[in-house]
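Data block below; observations after.
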Amino acid sequence: MSNDVRTRFAPSPTGLLHIGGVRTALFCWLYARRHGGTFILRVEDTDRERSTPAAVQVILDGMEWLGLHADEGPFYQTERYPRYREVIRQWLAEGKAYHCYCSKDELEAMRNAQLARKEKPRYDGRCRARTGPVEGVTPVVRFRNPLEGAVIVDDAVHGKVVFQNAELDDLIIERSDGNPTYNFCVVVDDYDMKITHVIRGDDHLNNTPRQMNMLRAMGVEPPVYAHLPMILGPDGTKLSKRHGAVSVLHYREEGYLPEALLNYLARLGWSYGDQEIFSLEEMTRLFDIKDVNKSASAINPDKLAWINQQHLMKLSPARIAVELCWQLERLGVDASKGPALEPIVEAQRERSKTLKEMAQASRFFFEAPAAYDEKAARKNLNAETRPLLEQARAVLAELGDWSAPAIHAAIQALAEQSGAGLGKVAQPLRVAVSGGGVSPPIDRTLAILGREETLARVDRALAYAG
RNA sequence: GCUCCCAUCGUCUAGAGGCCUAGGACACAGCCCUCUCAAGGCUGGUACGAGGGUUCGAAUCCCUCUGGGAGCGCCA
């Protein structure tokens, strides 16, 4: 096993950290972990106008919540400007780069002319051979891209992709304001950070030949590239604020577990036979880039919810309890006063897709129903059902052992002896204690709620039933 | 417009020439279980974009088309 694998996740803090970015981060992280390598976080903030500290913090918070911890970093490109200038000065001296004095208007005219000729717009290299500066013009610096030959990207997911150098142009690496540009910074960073595997979205595939040419100008052979397919919204179109493009932290608020989100995201583009549910440990053991597919995939909220539930049912009640507590607080429920959370988790997890749902459905354990569900009350808390509910109350009040099995036996006995059936006894009790027609099995529900609280609520229901 | 990428059920995917009358999962429908809701079990429907090749044989290889997507910035 090679121990020198180094991957990096390089988000730009110009938007929010969404699903697509998280999946990229996950694959970088998994690959590094799988090979005992190093995972690096690098913030690409060279766009000084759009990058904000708040956006950086959102990325950091998101990574923290997901548990995708970086072994090195976060590094910030804005802190590396001296290094970029150093490389540019060197390239200028070596003739690998040159000053370009073309004005924006001139470039615009060039572009329009090319478009009119149905050509791909690109810089024609007119300043390549210029020997002296132009009065009053602050130049940009361009990389001298090879004119001939081809660049072959041997992509780990796409296979060999060939680009003709003739299709590429001399890209700007330093703006007229002296700031370096993205493609150049990436190259210097990947070189300095000794990145061995560049795993990123396939929207970068077209940038790769340029970066490879610059890497070679630095004197090294490029790393392994792996371009991941895009993630689309539920409707199969590009992710936008309307559907999938929300901050990862939004998923926390909606009650998803990081384990589940990561599991779901891993299965978007990656597979291991027919297996659907993976723990993080399993994923790191099983993940391989060769099992990543090439086509874009759409987010499926239903499946994410299902996977979330699978994890809710699998993880330890103690772990889930912590998350449930957080959700209850968000609902304004004080979970410190009331029954223990772990039994509630065990009673609720197979009937909750999310922690948010679980919290909502568990609210009644902490607060007596303020009102009864109209339909459920009409059917179960009326003059007709009242006698049986009264008997149930009496039986429960006399019960020696307040445990689920004992409660079950008592209710069962009452049902048999009255000939009404278990539902006729359980359902009125359910409405009485929970306020509605849905709850975990009545015996477990009452056991969790406690005798005192149960009887008090039944009394209130009896009063309501008249 | 040019360059590059992609193409199996509604969705996520298995499939690396014969094991495919195409398998699994989500969702959906029905049934079973059942004190509600779930969970679970069983059953069912729906897919290899089109056309040409190669081959004894193609979802799998090649070509064309079609349809999606990305890039072509002094954005990242």
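Nothing here was measured: the structure is a model prediction, and the numbers come from that model. Letters A, B, ... are given to chains in the order of the sequence lines, protein chains preceding strands, and every chain is numbered from 1.
Across B:C5 and B:C9, the matching P atoms stand 22 Å from one another, rounded to whole Å. Comparing B:C28 with B:G71, their P atoms sit 35 Å apart, to the nearest whole Å. Here, B:U60 and B:U21 have their P atoms 15 Å apart, quoted to the whole Å.
Within 4.0 Å of A:Thr46, counting heavy atoms only, lie sugar-phosphate atoms of the nucleic acid but no base atom. Contacts of A:Leu205 with the nucleic acid, taken as non-hydrogen atoms under 4.0 Å apart, involve only primed sugar atoms and P, OP1 or OP2. Among the atoms of the strands shown, none is found under 4.0 Å from any heavy atom of A:Pro11. Residue-level contact check: A:Arg117 touches neither bases nor backbone, having no heavy atom under 4.0 Å from any strand. Nucleic acid contact class of A:Asn179 (heavy atoms, under 4.0 Å, all strands): none. Within 4.0 Å (heavy atoms only), A:Val140 reaches at least one base atom of the nucleic acid. At a threshold of 4.0 angstrom between heavy atoms, the contacts of A:Lys104 include nucleobase atoms, whether or not backbone atoms are also involved.
Side-chain nitrogen and oxygen atoms of A:Ser176 include none within less than 4.0 Å of the OP1 or OP2 phosphate oxygen of B:C74. An OP1 or OP2 oxygen of B:C5 is reached within less than 4.0 angstrom by no side-chain nitrogen or oxygen of A:His227. A:Gln310 has a side-chain polar atom (N or O) that falls below the 4.0 Å cut-off from OP1 or OP2 of B:G40. Here A:Lys238 reaches the OP1 or OP2 of B:A70: one of its side-chain N or O atoms lies under 4.0 Å away.
Nearest nucleotide to the A:Asn206 side chain, out of B:A76, B:C74, B:U3: B:U3. Of the candidate nucleotides B:A76, B:A70, B:C5, B:A76 has the atom nearest to the side chain of A:Glu44. Among the nucleotides B:U36, B:C35, B:C5, the one closest to the side chain of A:Asp202 is B:C5. Side-chain proximity of A:Phe163 to the nucleotides B:C4, B:U36, B:A39 is greatest for B:C4. For A:Lys120, the side-chain atoms get nearest to B:U3 when compared with the rest of B:A76, B:C74, B:U3. Taking only side-chain atoms of A:Gln427, from C-beta outward, the nucleotide of B:U3, B:C5, B:C35 with the closest atom is B:C35. Listed nucleotides: B:C37, B:C4, B:C74. Nearest to the side chain of A:Arg351: B:C37. When each of B:G1, B:C35, B:C37 is scored by its nearest atom to the side-chain atoms of A:Leu115, the top-ranked nucleotide is B:G1.
Classified by interplanar angle (parallel below 30°, tilted 30° to 60°, perpendicular above 60°), the ring pair A:Tyr372/A:Tyr464 is perpendicular. In this pair, A:Phe184 and A:Tyr84 present their aromatic rings perpendicular. The plane angle is above 60°, beyond the 30 to 60° band. Ring planes of A:Phe278 and A:Tyr272: perpendicular class, angle over 60° (limits at 30 and 60°). Relative ring orientation between A:Tyr225 and A:His227 is described as parallel, the plane-to-plane angle staying below 30° on a 0-90° scale split at 30° and 60°.
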| said: Please encode protein proximity along nucleotides 42-50 of chain B as a string of B, S and -, counting only heavy-atom distances under 4.0 Å. | reply: ---------
| request: For each nucleotide in nucleotides 11-27 of chain B, reading 5' to 3', give B when a protein heavy atom comes within less than 4.0 Å of its base, S when such contact involves only the sugar-phosphate, and - otherwise. | output: BBSS--------BBBBS
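With salt bridges taken as basic N to acidic carboxylate O contacts below 4.0 Å, none links A:Asp170 and A:Arg122. We find that A:Lys353 and A:Glu357 are not joined by a salt bridge, their nearest charged nitrogen and carboxylate oxygen being 4.0 Å or further apart. A:Glu276 and A:Lys303 are joined by a salt bridge, as a carboxylate oxygen and a charged side-chain nitrogen come within less than 4.0 angstrom of each other. The pair A:Arg126-A:Asp124 counts as a salt bridge, with a side-chain nitrogen and a carboxylate oxygen less than 4.0 angstrom apart.
Rounded to an integer number of Å, the gap from CG of A:Asp235 to C1' of B:G69 is 14 Å. Atom CE in A:Met110 sits roughly 11 Å away from atom P in B:C74 (whole-Å rounding). The NE2-P distance, from A:His158 to B:G69, rounds to 16 Å in whole Å. Rounded to an integer number of Å, the gap from A:Asp189 CG to B:A76 P is 13 Å. Summarising the geometry, the separation between CD on A:Glu167 and P on B:G71 is reported as 17 Å, rounded to the nearest angstrom.
The salt bridge (Lys or Arg N to Asp or Glu O under 4.0 Å) test with A:Asp189 is passed by exactly one of A:Arg42, A:Arg8, A:Arg83: A:Arg42.
Across all strands shown, B:C2 pairs with B:G71; the Watson-Crick or G-U wobble distances both stay below 3.5 Å. With a cut-off of 3.5 Å on both Watson-Crick or G-U wobble distances, the partner of B:A59 is given as none. Pair assignment for B:C9: none, as no Watson-Crick or G-U wobble contacts are both less than 3.5 Å. Using N1 to N3 plus N6-O4 or O6-N4 for Watson-Crick, or N1-O2 and O6-N3 for G-U wobble, each under 3.5 Å, B:C33 pairs with nothing. Of the nucleotides present, B:G44 is the one that pairs with B:C28 by Watson-Crick or G-U wobble criteria, both distances under 3.5 Å.
Counting distance only, with no hydrogens placed and no angle test, the side-chain atoms of A:Asp45 and the base atoms of B:A76 include no donor-acceptor pair under 3.5 Å. Counting distance only, with no hydrogens placed and no angle test, the side-chain atoms of A:Arg122 and the base atoms of B:C72 include no donor-acceptor pair under 3.5 Å.
For the pair A:Arg130 and A:Tyr98, the cation-pi criterion (under 6.0 Å, within 45° of the ring axis) is not fulfilled.
Map A:Gln309 and A:Pro121 each onto its nearest nucleotide of RNA chain B; the residue landing nearer the 5' end is A:Gln309.
Among all heavy-atom pairs drawn from A:Arg23 and A:Gly269, the shortest one is NH1-CA, 4.1 Å.
Outside the 6.0 Å centre-distance limit, the rings of A:Phe27 and A:Trp270 are not counted as a close aromatic pair.
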